[in-house]
Structure formats: structure tokens, C-alpha cells
Amino acid sequence: MKLLAENVFRPAAFPEHTYVSRKSTDIGIEINYELRLRQALKISGCLTSIVGPSKMGKSVLCERVVDFEHLVEVSGADFTNYLDFWQIIGAKAGLPLSGQFSQEQQFGEERQQKTENFMLHKDRVIAYFKEHNKVLVLDDFHSAPEDSQLYIAQQLKDAIRRDFKAIVISLPHRADDAIRKNADLQGRLSLINIQPWQLQELEEIARLGFEKLGIPIDEVLIERIAVESLTSPQLMQYICLSICTLLDADEKELKKIPEQVLETAFKFTTMNFEYRDVVKVLKDGPSTRGRERKQFQVKDGHVDLYTLIIQAIAIDPPLMGMTIDELKQRIDSFITAGPKPDKKAIRDAIAKLQLIIDERENIYKVFEWKDQTLYILDPIFLFYLRWGSH
Ligand SMILES: Nc1ncnc2c1ncn2[C@@H]1O[C@H](COP(=O)(O)OP(=O)(O)OP(=O)(O)O)[C@@H](O)[C@H]1O
Ligand SMILES: [Mg+2]
């Protein structure tokens, strides 16, 4: 039976047909992430902590290594009230929250059927997990309320000693404290850091997928899609799916992928993302309190420094990190006449933008200014900046 594009390229689900196995390099040797996770789960008494940027394949990795039948997934966001930690986990594993059990007991000469009520509690959940080889995946741990994080860590510490298997997933910098910096857990952690994707790893997704669909695609095009995907396997999956949709790949017998479809596919893909307001907030910059902001002359008019910075981030080649020199060069390239902003002005403006985004919701936290370099934290934001209409 012919595979459908939507089953091959799966930007928001487990990619069965386009799964790419990657090698981790952060420990000085090249070793598959799957092998590391499998090994970590074998060490009894240890808690596995997976940390990595958003949408880099943390959940997918767990789903690959722990088969569906043994996987019990809960999210940090499920724990609004720390009191019911074990009840929530037990319920996810399919255990009844409360009930009755009957036991025959000998009373003197008589045997009696005794029925007791029970509430689901920690010991029973741990015993059930061990008996059925279940593995707890506690996803998005950072989204659990801060005061419950420590409590959960404490509960897990006790449970892993009793052979309870658990993986805790979180974003970098966010949950280090409760798990990775928890003195009680030192020596009891298996650490796995998920790195951003390399170009060749992203390319593999397209190669695998188009081959399964029987559509020939030029290597040059694969590379262009990977460059635009900016370290994100999810973007790679989205763009490939957009290409298939635009070319009606499920209905037609395609002999090749035409180069012109790429830009349309990039733009088409941005409809899945909503950063219009983020871009506006950044371009507006801090409040001017009624004062005129300095304007710079560009090809089609005048713009202020904040707009220049955003435009500079967006141009070719897409980069996830830009030094102040690179930024200055990019900004200068827009200015057609008159003065150019100096590095200090650029630095100050970025610092102000940083303050603005620090105070807002997570979606606004798209970059970080550190060590004289502007780091893009969210590849999808940069993709939107390049191809979206804003
Ligand atoms: N190994 C892989 N091979 C191919 N595609 C992948 C792989 N890992 C992830 N992807 C793609 O990226 C998408 C996002 O992956 P996943 O949901 O695992 O990220 P995550 O790190 O758990 O993100 P979040 O931090 O939002 O929970 C997947 O739905 C899939 O399309
Ligand atoms: Mg996830």
C-alpha cells in the first residue's frame, strides 16, 4: 500500500518512518542516544535525567527506547497539587484509585471473607511498576510548580532505591535545581544532554522520508531545507510535509521535486506558527516616553535601531548565534547613507530587548544575549522571522 506523506513526515508525533538515530558527542565519544538511554535504564537505583532544548526529540527518544506497553507518560503540568503525586502516576498506569479487595481470613475455627477498602498509595504504585516492568517518563518537569518539584524529586529519590524506573525530562536551565543540583540525588543520576541537530542529521530525515514515498529529491535541495530547519527536526518534518502537500504527492506520481517549490513551502510552513506579536514587541523596543528615536537611512526609507536589529537577525545565512561584530556588519549592510549605529548602541539596544522579553511569557523568550553574542533560543522563531509575513 502506498504510504501517505502525512504518515511519513510527522512534525508533531512519533516519526516511525523518518526516525533518525543520532550520536551524542558531549561525553567525548560517539555513542547513540538510544544506547545511552537503554544503558541508563539498566542501572538500578538511578534516576535518568534528560535535558535538551525544546523540540529536539526528547520525548521521541523515550518513545523509541521504551516500548509503548511499558511507557507511562505524565507531564509536570499534571502536578498542580503535590499531594497526589503517586495517585496521578498510578492512575496513568491504569491502576484504580480506590476500591475493595477481599481476603479470606481464619478466625479461630471459622474462615471468613473479609473485604477492605483501599486507596491507591505509593507502595502499591511502586510494586505495580516493578511487577510489570513499567517506566515512568515525567515529561516537561519544569512545568510542575516550583514547590512541587522538590517534593517530586524527593519522592523519586526514595522510589528509585526500590527499583522504580523513571526518566525526568526538562528544558536546559529550568529544572536543574530540583534534580541535577539536588544534593540528595548526587551519584544517583544518569545524565543525558540532548544537543541541537547537525545539518547532516536533519538531512537524513528528508532522505529517509522521500525515499519511502518513492519521490526522487536532489541532494542540493535536501541541504537547503536542512539549512532553513535551523537545528530543529520538527521544522524539517514540517517543511518536507509542506512540500508534499503543495505538490499533491499523495495523488501524483512525482518524478522530481522542483527547486521553485522550496520558497513556497517555507512560507506555507509559517502558517503553523504565531510569532506576529513577538516580532512586533521586539521591533517596537522599549517605550520612548514621547521622545523621537534616532532613525537610520535604508533602501526604502528610515528605520530605527530596533527594526534594524530584527532585520539583521533575519537575513542570510540563518545563524543560531551572532557575535556583536557579525550583527554590526549585517546592520551596516542595510544603511545606504548617513550615520551607522556603533557597537555600543547595538549592545545597549539588545540589552533593553532582553529586559523586555525576560518579563514576558515563554513564547517571547526567543533569544539570549550572553558573552557578546546573541543566541537564538527558538529556531522556529528565526524561521518565522525569515519566511513569515509580519
Ligand atoms: N530522532 C528523530 N528523528 C526524526 N524526527 C524527530 C526525531 N526526534 C524528534 N523528531 C521530530 O521532532 C518533533 C519534536 O520532537 P519531541 O516532541 O520529541 O521534542 P521534545 O524535545 O520532546 O520537545 P518539547 O521540549 O516541546 O517536549 C517530533 O514530533 C518529530 O517530528
Ligand atoms: Mg517533549
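Counting starts at 1 for both ligands and their atoms, following the listed order.
- For the pair Arg162 and Asp123, the salt-bridge criterion is met [side-chain N within less than 4.0 Å of a carboxylate O].
- No more than 12 heavy-atom neighbours from other residues, nucleotides or ligands sit within 6.0 angstrom of CD on Glu359.
- Of all protein N/O/S atoms, those lying under 2.8 Å from the Mg ion (ligand 2) come to 1.
- Using a 4.0 Å heavy-atom cutoff, Gly52 is absent from the residues neighbouring ligand 1.
- At a heavy-atom cutoff of 4.0 Å, ligand 1 is contacted by the backbone of Arg10 but not by its side chain.
- If you check which protein heavy atom lies closest to atom 17 (O) of ligand 1, you get Ser59 CB, 4.1 Å.
- No more than 12 heavy atoms of other residues, nucleotides or ligands shown are found within 6.0 angstrom of CD on Gln329.
- Protein heavy atom in closest approach to atom 5 (N) of ligand 1: Gln237 NE2, 3.0 Å.
- Between Trp86 and Phe164, the distance from one ring center to the other falls under 6.0 angstrom.
- Between Tyr375 and Phe367, the gap from one ring centroid to the other reaches at least 6.0 Å.
- By the 3.5 Å distance cut-off applied to N or O atoms, Phe14 is not counted among the residues near ligand 1.
- For Trp197, the closest heavy-atom approach to ligand 1 falls below 4.0 Å.
- With sequence neighbours left out, Gln311 forms a side chain to side chain contact (heavy atoms under 4.5 Å, CB included) with Thr307, Leu308, Phe334.
- Nearest protein heavy-atom neighbour of atom 13 (C) of ligand 1: Pro11 O, 3.6 Å.
- Cation-pi check for Arg386 over Phe266 is not met; the charged atom does not lie both under 6.0 angstrom from the ring centroid and within 45 degrees of its normal.
- Which of Arg22, Glu63, Lys55 comes nearest to atom 24 (P) of ligand 1 through a heavy atom is settled by distance: it is Lys55.
- An N or O contact shorter than 3.5 Å is missing between Leu171 and ligand 1 by distance.
- Here's the thing with Ala13: one of its N/O atoms is less than 3.5 angstrom from an N/O atom of ligand 1.
- Among Thr18, Asp140, Ile169, the residue whose heavy atom lies nearest to atom 27 (O) of ligand 1 is Asp140.
- When heavy-atom distances to ligand 1 are checked against a 4.0 Å cut-off, Lys58 comes that close through both its backbone and its side chain.
- Contact annotation for Ala12 and ligand 1: only backbone heavy atoms (N, CA, C, O) come within less than 4.0 Å of the ligand.
- Taking only nitrogen or oxygen atoms, main chain and side chain alike, Val20 reaches within less than 3.5 Å of ligand 1.
- Looking at residues two or more places apart in sequence or on another chain, you find a side chain to side chain donor-acceptor pair (under 3.5 Å) between Asp163 and Ser44.
- Not less than 6.0 angstrom separates the ring centroid of Tyr364 from the ring centroid of Phe381.
- The closest side-chain heavy-atom distance from Cys244 to Phe210 is below 4.5 Å.
- Residue pairs meeting the salt bridge (charged side-chain N to carboxylate O under 4.0 Å, His left out) criterion with at least one partner in residues 27-56, sequence neighbours excluded, are Asp26-Arg36.
- Crowding of Gln295 atom CD: a count of heavy atoms from other residues, nucleotides or ligands under 6.0 Å exceeding 12.
- The protein heavy atom nearest to atom 11 (C) of ligand 1 is Pro233 CB, 3.8 Å.
- Looking at Lys122 and Asp158, a side-chain N of the basic residue comes within less than 4.0 Å of a carboxylate O on the acidic one, giving a salt bridge.
- Ring to ring, Phe9 and His17 are not that close: their centroids are 6.0 angstrom or more apart.
- Heavy atoms of Leu61 found under 4.0 angstrom from ligand 1: none, in either backbone or side chain.
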